[in-house]
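Read through the structure below, which is laid out as structure tokens, and then see the notes.
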2 protein chains.
Amino acid sequence: MTILRTPLADGSARGIPDATVARLPVYLRALNALTEQGVSTCSSNDLAENAGVNPAKLRKDLSYLGSYGTRGVGYDVEYLRYQIAREIGQTQDWDVVIVGVGNLGSALSAYQGFSTRGIRVAALVDADPKRVGTTISGITVSSLDDLPAIVEERAISIGIIATPGTAAQEVADRLVAAGVTSILNFAPALVQVPDGVDVRKVDLSIELQILAYHEQRKAGNDKVVGA
Amino acid sequence: MTILRTPLADGSARGIPDATVARLPVYLRALNALTEQGVSTCSSNDLAENAGVNPAKLRKDLSYLGSYGTRGVGYDVEYLRYQIAREIGQTQDWDVVIVGVGNLGSALSAYQGFSTRGIRVAALVDADPKRVGTTISGITVSSLDDLPAIVEERAISIGIIATPGTAAQEVADRLVAAGVTSILNFAPALVQVPDGVDVRKVDLSIELQILAYHEQRKAGNDKVVGA
DNA sequence: CGGATTTTGTTAACGCGTTCACAAACTCTT
DNA sequence: AAGAGTTTGTGAACGCGTTAACAAAATCCG
């Protein structure tokens, strides 16, 4: 089975590379920052600097979306912001459900950064009966058993796993069974899902372990040459 | 100025690709899982499946470390585990300081997954006087002003930024000034650091925005062809 | 002991992403 | 109106990472 890239309404095939998709939210944030500074037009150099990327890469990325700049002038901040927002689906809010309201799940439910990026924590779910019924960040925690009803009622397509690693696979299975088709997994475990379901994994330990590796090298025996 | 890859004690130059370094902790976790299952020897297929990667990629990755397997047999789980642990510096514990004890910082300080991966949260720091002096996860929160003393005293080289985005750059500057040379940044902001300092960024919103992009495509107009 | 079998380590091909470099297109100045 | 100056959009080169494929090296079995 092969899934084709989505064709446009005008028939042109448009496949945006994964690497580019991952940077579009960064550009969006940079554009928001520029708007707050009262900047209404910017060059690819300006925007690239704000986003922390190479200007050529930025222009290449934007070229996948269309031709939204003006040669000799630059980009209209507000116009480009809207185009990117539309492309990544941020003209609407996305309801998500968080499974597991331990320390991490609670912190995520209170995270300020979501709402401004079109993410709304719509429901909290936990397997522990002692936690069910409590209120966290203004949301009443529901039972894991109620997941299918919650997902259907609120048309939720994105779930967040914030449980211990041992529970991750079962939670993933239940999320998929309930109808969720995208999962963000914070648990330190690999989860298997059927085709058609996207999983992204954030592993807090691994990020630190990568830093530790480089630290070890620095402390050990790096050599610096040149001027 | 150019930084060379670290040569080995035996003089052979060994540069491990970044992509491989990022996967070594995953292999470590998979090996630990196998040990718990009582498996003492495994093939690259077994291990790759547990780690969720292509077997060829696994063997390629391991080949950067050395030749720790036996043809026709496979890998000794415990031996390989030790070799990887040594390579990524996990034979020692790494002390880290968390700056910002809001919801996220508090959750990180309580995170169980760190200790088993050689990460020890050694200190908590916050700029808010109301938080200074309180105890979180058994650690007394110190003032941001005490950062240099804390970093020096405990020989900390890794710092975690868990503040709002607006404070991120100043915190990064102070971490660097205090002597920290690796930073894990959870704040939704770009931070600039001098050469020689590593920064990794985890952006919770962006992960969800990427999922939302794919959701939009699924819901919109994907086409499926073939059998 | 020798051939069949297994599995690693490595080389080579492939593909994706990044970066360079420049023509095209726009503004500004005179 | 024409030339000088900007800045985008993109074709081409490059480099890195992934994957396939296979020789080398070990075990197993008759």
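Letters A, B, ... mirror the listed sequences (proteins, then strands); counts begin at 1. Computation of the quantities below employed the complete heavy-atom set of this structure, encompassing side-chain atoms and omitting hydrogens, waters and symmetry-equivalent molecules. Please read these numbers as outputs of a predicted model, since none were measured by experiment.
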Under 4.0 Å between a side-chain N/O of A:S67 and OP1 or OP2 of D:dG9, yes or no?
-> yes
Can you tabulate the close N/O pairs, meaning under 3.5 Å, that link protein atoms to atoms of nucleotides 18-20 of chain C?
unit_1: C:dT18; atom_1: OP1; unit_2: A:R23; atom_2: NH1; d: 2.7
unit_1: C:dT18; atom_1: OP2; unit_2: A:R23; atom_2: NH1; d: 3.4
unit_1: C:dT18; atom_1: OP2; unit_2: A:R23; atom_2: NH2; d: 2.8

From CG of B:L58 across to P of D:dG17 the rounded distance in Å is 17 Å
Mind calculating the distance between CG (B:D18) and P (C:dG17) to the nearest angstrom?
-> 17 Å
Quickly work out the A:L62 CG to D:dT7 C1' distance and round it to whole Å.
-> 13 Å
Are more than 12 heavy atoms from other residues, nucleotides or ligands located less than 6.0 Å from atom CD of B:E49?
-> no
Only pairs at least two apart or in different chains count here, so list each salt bridge (Lys or Arg N to Asp or Glu O under 4.0 Å) that has a residue in residues 159-181 of chain B.
-> B:D145-B:R174, B:E170-B:R174
For B:L65 and C:dG9, what is the distance between atoms CG and C1' respectively, to the nearest whole Å?
-> 13 Å
Can you check side chain to side chain contact (heavy atoms under 4.5 Å, CB included) on A:Y213 and B:L24, steps first, answer last?
-> CA-CA 10 Å; A:Y213 167 80; B:L24 291 180; 5.5 Å; no
Measure from the side-chain N and O atoms of A:K57 to the backbone N and O of A:T20, and report whether any donor-acceptor pair falls under 3.5 Å.
-> no
Over all atoms of both residues, closest heavy-atom pair of A:Q209 and B:I119 = N-CD1, 4.5 Å
Scan residues 25-34 of chain A for pairs that pass salt bridge (Lys or Arg N to Asp or Glu O under 4.0 Å), counting only residues two or more places apart or in two chains.
-> A:R29-B:D203
Side-chain polar contacts of residues 36-46 of chain A - donor-acceptor pairs under 3.5 angstrom, sequence neighbours left out - could you list them?
unit_1: A:S43; atom_1: OG; unit_2: A:N45; atom_2: N; d: 3.3
unit_1: A:S43; atom_1: OG; unit_2: A:D46; atom_2: N; d: 3.2
unit_1: A:S43; atom_1: OG; unit_2: A:D46; atom_2: OD2; d: 3.3
unit_1: A:S44; atom_1: OG; unit_2: A:R59; atom_2: NH1; d: 3.1
unit_1: A:D46; atom_1: OD2; unit_2: A:S43; atom_2: N; d: 3.1

May I ask you to decide if A:G100's main-chain N or O and A:T163's side chain share a donor-acceptor pair within less than 3.5 Å?
-> no
In whole angstrom, give the distance that lies between atom OH of A:Y68 and atom C1' of C:dA25.
-> 19 Å
Could you write nucleotides 25-30 of chain D as a row of B, S and -, 5' to 3', where a protein heavy atom under 4.0 Å of any base atom gives B, of only sugar-phosphate atoms gives S, and otherwise -?
-> BSS---
Would you mind listing every salt bridge (Lys or Arg N to Asp or Glu O under 4.0 Å) that reaches into residues 76-85 of chain A, with sequence neighbours excluded?
-> A:E78-A:R81
Atom CG of A:D76 to atom P of C:dC26: distance rounded to whole Å?
-> 16 Å
Below 4.0 angstrom from OP1 or OP2 of C:dT8, is there any side-chain N or O of B:S44?
-> yes
In whole angstrom, give the distance that lies between atom CG of B:N45 and atom P of C:dT6.
-> 12 Å
